[in-house]
Amino acid sequence: MQPLRAWILRWLVPRELQADPATARQAVRTIVFALAMLLWWPIFTPVYIWLGSARAGAIITLGALSALAVIVCLGRIRSLVVAGNLTAAIVYLVLVGLASVAGGIEAAALWWLCAVPIIGLVLCGTRSGLSWAIVSALTILAFYTLHVLHVAVPHDIPADNVVLLDSLSMCGVVFCAFLLTLAFRQGEEAARQELERARDASEQANRAKSLLLANMSHEIRTPMNTVIGMTDLVLSTELSRDQREYLNIVQQSGESLLVLIDDILDFSLLEARRLTLYPQPFDMTSSICHALKALGARAQKQGLELVCRCDLAVPRVVIGDQGRLRQVLVNLIGNAIKFTPHGHVVLEVRCVECKPSGARVSFSVADTGIGIPPEKQEAIFRVFEQAEMSTKRRYGGAGLGLAISQELVQMMGGRIEVVSEVGRGSRFSFTVPLGIPGPDAEPPLVVRARPLAGHRALVVDDSAVSRDALADTLEQVGMVVARAPHGTRALELLHEAQAAAELFDVVITDAHMPMMDGFLLARRVRDDPRLPCRVIVMRAAGDVPRDEKYWEQAGVAAHLIKPVTPPELLDVLLNLLVVPTESTPRAAPQVRAPGHAEAAGGRRILLVDDSLMNQKLAATILGNGGYDVVIANDGREAVAAWQRQPVDLILMDIQMPEMDGFEATRLIREQERAAGGHVPIVALTAHALKGDRDQCLQAGMDGYIAKPLRARELLEAVASTLGADHHD
Ligand code: ADP
């Protein structure tokens, strides 16, 4: 069939009908039926003449000539519908003519009338097919009526030969039915292939578009990084109040733009199927804590309680994509904060299943915010969809976050679900399987904090959610917990306990409470010799930092910044209650940023980047951190600089003219193999496409720092790489 189709298309279909595939297909079909009519001629004309009907032979010849005319004039006929109906009419007229000269209702030709509606249907559509079916049926009825009325119809063929003609006709009908079925099947197959081709082409086009989008956002990201990084640097210098305010606005706008660009980048990578997960062992609890801490200031600004409830049996170290899991959590918590005017946001982490081979961990973020109407709860997971059009104006956002999060969670093997009620709040939750590295990974918090079991704690907080979450954490490790909603009640409980000789070991109190705040409570406890318990104060993220003397004077044994996460709370408690401590209460140790000048100790870093702006930014950050910086503009210069002088670390951009970062790293590693030694090379790039990270490691690099460059993060990464290398 295919070669016949190609032949017809090449030789018989006029060129003007070939431009559109659908028109060409219809033209081919019309010609096939007209050709079938032509084929009749050499078969049936001799048969009819031989059987004794020269008139029938003449009718078939006329029909064949008309079919030939349709084929030849196809390009000039007004439309293919007209041509199709013309073909059906020719067949019909030939058959009626044959029946009229060869026995009326008894004529074998009437069997063929079934072909006429089929031709009408295939060439011109359902309406035409139906019309021809009615015409054919009426024709048969008309011949039958003539038969009933005994109207004599010419019968050119002798009775002996009628059976032979009937048999021949039936064979013809059966054969045609077979050919039609075959043609139909092949037509279907061709249509399927065409559909697949069209789908592939559109998918490819879509992928190309997404890739273009990914590359564009990546290109925009690079200069944005410099803008933000430079603003960061200027902000760390002496400025007037107005200047600082303006620059803060520049930085905030830059950060929002970067979030948007990151979302577009992620979305286009997902669309182009270039986004992959990089499962690695990571400390899940501390990763969750970081995500939560990063959002603490935002929650506090809105006056919200941001609370973490964590099943302490969840494995600490798991195998998964830390960055992507954190991205989903930050998105969900960020949304919850954004859409909650007052109340609280609770992150809950539970271990659904925990086996040595792997765990299923469920995360949920619940808020007391504006809620989502039921009819929108599905739509918000689609790209650019927001629950209400006014949302964009009031709360900002592009409507990409949830779509990306849903895709990421699905890639991890889970699904985000939402339960929400307008005006009461929402709860987004998902459960994902995570691997477990091995028996020597860190024990879960519940095991680590076992020495706290049996200690007595009093939790004081005016927020019931926060109070219950803290108490729940402490009870999970076996501590005996009492709760108080304010300072006065706390003092009452403390005195009652003292009278019953069941002293509390520790009081954990919120700093901000009506009437009696946490500091006043701490002072009262300090001033009462009958209450020898220690006091931990939880202060808000945005509070003005005070020096350690202040805490000591207030009688505070340690302070924590809200949102308080279980690991830090338990660490402080272990420190205070289990490890033998000095008699005077002391403040919780403050983390100091690594990368201080003295830590750098004049170590030399080779910075390889072709962008002058990036060079300036990174060199300033590293210089401020006390490092000597040597600059190379591309891979070739980098190799030469490394050969010229020893360096402690190379920060290597990837895309550079002359020689890219991969090639330069390969050359350095080759030479090291011959001469010995190993200089740590860390990729410094905004690259986020699939495989880039693997490619960096494969090329022989030791690490990967993603731009945007933030002073603190860069210095931390440099310090830890140098530290690790030093220990090795
Ligand atoms: P964006 O927040 O940037 O608009 P998202 O995809 O993260 O995009 O969210 C889509 C929409 O879902 C939001 O615009 C908002 O209408 C709705 N939404 C998401 N989270 C919440 C929530 N916690 N409470 C109320 N509405 C929400």
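Counting begins at 1 with the first residue of the sequence. When reading the values below, keep in mind they use all heavy atoms of this one structure, side chains included, and skip hydrogens, waters and symmetry mates. In each ligand, atom 1 is the first atom listed, and ligand 1 is the first ligand listed. As the structure is a computational prediction, the values presented were derived from the model and not from experiment.
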Asker: With a 4.0 Å cut-off on heavy atoms, is G369 touching ligand 1?
Answerer: no
Asker: Are Q252 and N248 close enough that a side-chain donor and a side-chain acceptor fall under 3.5 Å?
Answerer: no
Asker: Any heavy atom of F381 sitting closer than 4.0 Å to ligand 1?
Answerer: no
Asker: Is Q410 atom CD crowded by more than 12 heavy atoms from other residues, nucleotides or ligands, each under 6.0 Å away?
Answerer: yes
Asker: Among all residues two or more places apart in sequence or in another chain, which pass the ring-ring contact (aromatic ring centres under 6.0 Å, His included) test with F428?
Answerer: none
Asker: Could you verify whether a donor N or O on one side chain and an acceptor N or O on the other, from T565 and E568, lie under 3.5 Å apart?
Answerer: yes
Asker: Ligand 1 versus D367, non-hydrogen atoms closer than 4.0 Å: side chain, backbone, both, neither?
Answerer: side chain
Asker: Applying a heavy-atom cut-off of 4.0 Å, say which part of N331 lies close to ligand 1: side chain, backbone, both or neither.
Answerer: side chain
Asker: Report the residues that fulfil ring-ring contact (aromatic ring centres under 6.0 Å, His included) with F363, sequence neighbours left out, ordered by chain and then residue number.
Answerer: F430
Asker: For ligand 1, find out whether one of its N or O atoms is nearer than 3.5 Å to an N or O atom of I370.
Answerer: no
Asker: Using heavy atoms and a threshold below 4.0 Å, how should the contact between L402 and ligand 1 be classified: side chain, backbone, both, or neither?
Answerer: both
Asker: Short list, please: which atoms of ligand 1 are under 4.0 Å from a heavy atom of A336?
Answerer: 23 (N)
Asker: Heavy-atom count check: over 12 atoms from other residues, nucleotides or ligands less than 6.0 Å from R199 CZ?
Answerer: yes
Asker: For ligand 1, is there an atom lying under 4.0 Å from some heavy atom of K338?
Answerer: yes
